[in-house]
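Below, read A as the first sequence line, B as the second, and so on, with proteins coming before strands; counting in each chain starts at 1. These values consider heavy atoms only, across backbone and side chains, with no hydrogens, waters or symmetry-generated copies.
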Amino acid sequence: MNVDKELFAAFAFHAGLMAVKTLGMSFLTARQRFATNNFISREDGKTRPEAKIGTGVDEDVERVRRAHQNDIENIFPFLTLGFLYLFTNPALSTATTVFRLFSGARILHSVVYLWEIPQPSRALAFFAGMGANLYMGYKILSTFMSAM
Amino acid sequence: MNVDKELFAAFAFHAGLMAVKTLGMSFLTARQRFATNNFISREDGKTRPEAKIGTGVDEDVERVRRAHQNDIENIFPFLTLGFLYLFTNPALSTATTVFRLFSGARILHSVVYLWEIPQPSRALAFFAGMGANLYMGYKILSTFMSAM
Amino acid sequence: MNVDKELFAAFAFHAGLMAVKTLGMSFLTARQRFATNNFISREDGKTRPEAKIGTGVDEDVERVRRAHQNDIENIFPFLTLGFLYLFTNPALSTATTVFRLFSGARILHSVVYLWEIPQPSRALAFFAGMGANLYMGYKILSTFMSAM
């Protein structure tokens with residue numbers, strides 16, 4: 001039940017980076033809310049008479065929220081898959097490549113989504129991250145199959 | 001701070017399975033989007049003149065998204081609760097049963113939700129998974145209470 | 001790759017607490033759904049002729065769902081950041097303080113959100129939790145930077 005120190009360090013860096021990146025989406029949403037004067041909860045518009053209150057009102061806000069939700073759907077599974085993958089005895093160089101690919105793909109995904117760069121850019125970034133996740137998932141399931 | 005190898009393997013298998021299962025929901029959503037020609041982001045409908053753009057427009061799409069969100073709400077906490085539960089000194093047979101119950105319940109939950117099988121099927125699948133999560137949560141909190 | 005037993009116990013308690021707290025939001029949502037007779041899926045309203053079916057219909061329901069989503073956005077990253085933070089060699093007293101601050105802030109955040117206590121209460125609770133997360137993220141990234 002021991003994990004190589006360098007292997008763990010590679011995971012720790014990329015998992016920390018991806019968790020912080022996801023947290024950062026909250027600030028981007030808030031920025032758009034203030035920029036477009038668009039809030040959801042009554043109490044948030046109390047001191048702003050011209051505030052719009054509601055969901056789905058402003059596309060600039062909703063776009064950031066969708067990018068945030070996509071991070072939740074892909075980065076949070078990575079935080080567990082990446083950890084369990086450490087116990088499937090991967091080569092350090094392979095693991096580092098998979099982690100870098102995932103981090104790069106997810107950062108790119110947000111850039112492409114928020115700057116509205118034409119498809120298939122977003123699909124490609126999505127599938128690169130998804131591919132890394134599914135690869136690790138396959139390694140985990142085949143390694144621990146007998147414990148089903 | 002050591003965990004039995006077989007205990008860890010049982011967790012690793014079921015956590016990997018549940019993470020991959022959640023990722024799979026993205027593909028089911030995409031399938032419904034293309035089948036019903038229903039997208040959210042402008043750029044996704046660029047090459048499809050008849051595409052509908054918006055949220056909440058199509059019930060077939062929204063149903064998959066709700067099932068996905070329910071996985072996020074229940075499976076992601078499991079990924080941590082299952083791991084911490086390993087350190088509460090459970091019997092291997094008990095732990096394996098809890099993990100299997102959870103995995104089975106969550107797979108069933110999606111089947112019931114997507115095939116629109118009448119209630120209380122979905123409620124029962126939900127509560128079986130929730131029960132497993134709360135049981136592990138109780139074990140963790142009572143074991144580590146003194147570290148509050 | 002060893003972690004102090006007391007340090008791990010402090011994380012295990014607060015991570016377990018936060019995971020269970022997030023799960024609890026499901027019950028608060030369900031309570032509001034039944035109280036206001038408001039559901040999303042057709043099959044849930046089958047036996048209730050007066051049920052309203054749809055999203056965003058009832059503010060009492062949506063408020064709980066937003067609080068739940070905010071937990072997902074902040075507590076799930078904590079579950080990983082808190083764990084990785086254990087490997088950055090923190091003092092036990094510092095780590096315990098950070099974990100307590102986070103748990104307290106997130107419980108307060110829900111109370112303030114659901115009871116609709118005027119701003120800036122919710123913003124303050126949000127930033128306290130976010131601050132704890134970002135502090136741990138900074139510690140993790142600076143500790144494992146060389147493994148990038």
Before giving the answer on side-chain contact (heavy atoms from CB on, under 4.5 Å), spell out for Glu50(B) and Arg48(B) the whole-Å C-alpha distance, their side-chain angles and the decisive distance to 0.1 Å.
CA-CA 6 Å; Glu50(B) 73 295 9; Arg48(B) 322 186 122 232; 4.1 Å; yes
Begin with the C-alpha distance, continue with both residues' side-chain angles, and end with the deciding distance and a verdict on side-chain contact (heavy atoms from CB on, under 4.5 Å) for Val64(B) and Leu114(B).
CA-CA 7 Å; Val64(B) 192; Leu114(B) 299 184; 4.1 Å; yes
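Between the OG atom of Ser93(B) and the CD atom of Glu6(B) there is a distance of 11.0 Å, given to the nearest 0.5 Å. Rounding to the nearest 0.5 angstrom, the gap separating the CG atom in Asn89(B) from the OG1 atom in Thr143(B) is 8.5 Å.
At a heavy-atom separation below 4.5 angstrom, chain A is approached by Ala12(B), Phe13(B), His14(B), Ala15(B), Gly16(B), Leu17(B), Ala19(B), Val20(B), Leu23(B), Ser26(B), Phe27(B) within residues 12-36 of chain B. Scanning residues 115-131 of chain B against chain A with a 4.5 Å heavy-atom cutoff picks out nothing at all. Proximity to chain A among residues 96-113 of chain B is limited to Arg100(B), judged by heavy-atom separations below 4.5 angstrom.
More than 12 heavy atoms of other residues, nucleotides or ligands lie within 6.0 Å of CG in Asn37(B), so this atom counts as buried by the packing criterion.
Looking only at side-chain heavy atoms (C-beta outward), Pro90(B) and Leu7(B) come within less than 4.5 Å of each other. At a threshold of 4.5 Å between non-hydrogen side-chain atoms, the residues Phe76(A) and Ile72(B) do not count as touching. Counting heavy atoms from C-beta on, the side chains of Leu86(A) and Phe8(A) come closer than 4.5 Å.
Sorted by first then second residue, the side chain to side chain donor-acceptor pair (under 3.5 Å) pairs that include residues 127-142 of chain A, not counting sequence neighbours, number zero.
Contacts with chain B were tallied for Glu73(A), Gln69(A), Met136(A); Glu73(A) has the most, counting heavy-atom pairs under 4.5 Å. Per-residue heavy-atom pair counts under 4.5 Å with chain B were compared for Leu79(A), Leu84(A), Ile140(A), and the maximum is reached by Leu84(A).
Relative orientation of the Phe83(A) and Phe11(A) rings is tilted, given thresholds of 30° and 60° on the angle between their planes.
When all heavy atoms of Asp60(B) and Asp58(B) are compared, the closest pair comes out as N-OD1, 2.8 Å.
A salt bridge is defined here as a Lys NZ or Arg NE, NH1 or NH2 lying under 4.0 Å from an Asp or Glu carboxylate O, and Glu59(A) with Arg66(A) meets this definition. A salt bridge is defined here as a Lys NZ or Arg NE, NH1 or NH2 lying under 4.0 Å from an Asp or Glu carboxylate O, and Lys46(A) with Glu43(A) fails to meet this definition.
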